[in-house]
Number of protein chains: 2
Amino acid sequence: MPGRRGMRSSGWGGKFRGCGYRMTVPRQSIMDVLSVTNKHLSAEDIYMEVHKIYSNVGLTTVYRTLELLTQMGLVVKFDFGDGRARYELIEGSKSGHHHHLVCTGCKRSIEYTDFINEETEFLERAEKELSKKYKFDIKNHIIQFYGLCDKCREKK
Amino acid sequence: MPGRRGMRSSGWGGKFRGCGYRMTVPRQSIMDVLSVTNKHLSAEDIYMEVHKIYSNVGLTTVYRTLELLTQMGLVVKFDFGDGRARYELIEGSKSGHHHHLVCTGCKRSIEYTDFINEETEFLERAEKELSKKYKFDIKNHIIQFYGLCDKCREKK
DNA sequence: TTGATAATGGAAACCATTTTCAATAAGAAG
DNA sequence: CTTCTTATTGAAAATGGTTTCCATTATCAA
């Protein structure tokens, strides 16, 4: 019976400690929120979600953890132009790899999963070569298409 | 001898008027700055540049114009994570179509033009199909790779 | 030239994100 | 289990890029 007692669910702790960081209650609960959702949440969204369970976790910590996760390459930070950043766990259990269509009018975004296979092939090669050429340790990527959604188009 | 008298250089005026907007001195000067540069400038960068010639153009107007240009699909707005947005004229005379490698450590970005041809083929098809499927009027796109640059990697 | 109204600029307001700092808790060592 | 070092945290205050307000000015169709 491996790992009784502590048994703090998922193995994120190891990941953190492996990078020289500590696993804490706030961090664990933020990971929980991120791995359960299937949408891109803002820092405040996450804060409110975490708050339901641990009402003493502060918004500041949420921001700090999100920054840390981004550095570690576990999370991607998106900017859809509405003034607040969104975060997604890479390969976030739920919705698989995807990209976004962003409306420059209402700033809403649509997630799409089309072409992912063709993309992957192309992106993997690009990633490999760019890493070498520019001495970059590439952790992840984003592709976003900008334009006007159905509703915003007819408004104008 | 077509268009004497006014002869205000480039044909941006028509583009603006065609969309129901007016061509003004601030707008013209912002377009001038954008079409001459070959790097992604922040609103303030543009403001300072414009200010050299027209010291009475306000920062507010720069923001407003940039937003307008983004809506019109003439400009792309980038977020490299350093807290200020960057703007680039599409097909901005100088550097051609390109994408960015963004360092999550120092927030600096590297512009690359590799793979653009292969990309284009793929993206055009994606753009066409996504437009139809999601009823989106796609104006442009971005691709960004995130990771750590050479310097930031050895720091940690 | 004129008039309707789009566009502007400066100052004030916004508000997401960051910084500060004293208090707390993770985890290695004993 | 207790101790000790120090990473982490939370609350409040500060920051600073971007927006909003509004009286004034300028564009351009008629």
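Within every chain, numbering begins at 1; the chains are lettered A, B, ... in the order of the sequence lines, protein sequences first and strands thereafter. No hydrogens, no waters, no symmetry mates; every other heavy atom, side chains included, goes into these values.
Note: CD1 (B/I46) to C1' (D/dT18) measures 14 Å, nearest angstrom. Regarding A/M23, its CE atom lies at a distance of 14 Å from the P atom of C/dA28, rounded to whole Å. The NE2-P distance, from A/H51 to D/dG10, rounds to 10 Å in whole Å. For the pair A/L41 CG and C/dA16 P, the interatomic distance rounds to 15 Å; values are reported in whole Å. For the pair B/M72 CE and C/dA7 P, the interatomic distance rounds to 10 Å; values are reported in whole Å. Regarding A/Q71, its CD atom lies at a distance of 13 Å from the P atom of D/dT8, rounded to whole Å. Between the CG atom of B/L68 and the P atom of C/dA7 there is a distance of 7 Å, given to the nearest Å. For the pair B/E67 CD and C/dA7 C1', the computed distance is 15 Å after rounding to whole Å.
A salt bridge links A/R125 to B/E118: one of the charged nitrogens lies within less than 4.0 Å of a carboxylate oxygen. Residues A/K133 and A/E127 are not paired through a salt bridge, judged by the lack of any N-O separation under 4.0 Å between the basic side chain and the carboxylate.
Aromatic ring centres of B/H100 and B/F80: separated by under 6.0 Å.
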A/E88/A/H98 under side chain to side chain donor-acceptor pair (under 3.5 Å): CA gap, chis, key distance, verdict: CA-CA 11 Å; A/E88 272 183 37; A/H98 60 265; 2.9 Å; yes
Trace of the side-chain contact (heavy atoms from CB on, under 4.5 Å) decision for B/L130 with A/F115: CA-CA 10 Å; B/L130 290 172; A/F115 309 105; 3.9 Å; yes
side-chain contact (heavy atoms from CB on, under 4.5 Å) evaluation trace for B/Y87 with B/V76: CA-CA 6 Å; B/Y87 303 83; B/V76 211; over 6 Å; no
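Residues B/S42 and A/P26 each lie close to DNA chain D; by heavy-atom proximity, the contact nearer the 5' end of the strand is made by A/P26.
The B/E44 side chain lies nearest to D/dG17 when the options are D/dT9, D/dA7, D/dG17. For A/R22, taking side-chain heavy atoms from C-beta onward, the closest of the listed nucleotides C/dA7, D/dT9, D/dT8 is D/dT8. The A/Y63 side chain lies nearest to C/dA16 when the options are C/dA7, D/dT5, C/dA16.
Put simply, B/T24 has no side-chain N or O that comes within less than 4.0 Å of OP1 or OP2 on C/dA7. Not one side-chain nitrogen or oxygen of B/R27 sits closer than 4.0 Å to the OP1 or OP2 atom of D/dT27.
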Within the sub-3.5 Å range, which N or O atoms of nucleotides 10-12 of chain C have a protein N or O partner, and how far apart are they?
unit_1	atom_1	unit_2	atom_2	d
C/dA11	N6	B/T60	OG1	3.3

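Side-chain atoms of A/Q144 and A/Y146 form a donor-acceptor pair, as typed in the model, at a separation below 3.5 Å. A side-chain donor-acceptor contact under 3.5 Å links B/S42 and B/D45. Side-chain contact annotation: B/E119 with B/H141, donor-acceptor N/O pair under 3.5 Å absent. Between the side chains of B/E121 and B/N117, not a single donor N or O lies within less than 3.5 Å of an accepting N or O. In the model, A/D114 has a side-chain atom that pairs as donor or acceptor with a side-chain atom of B/Y134 under 3.5 Å.
Contacts of residues 73-83 of chain A with DNA chain D (heavy atom under 4.0 Å): none.
Rotation axes derived from the C1' atoms of the five outermost pairs at either end of the helix from C/dT1-D/dA30 to C/dG30-D/dC1 lie 50° apart, to the nearest 10°.
Between B/Y112 and B/H99, the ring planes lie tilted relative to each other; the angle falls in the 30° to 60° range.
Nucleic acid contact for A/R84: sugar-phosphate only, since backbone atoms but no base atoms lie under 4.0 Å from a heavy atom of the residue.
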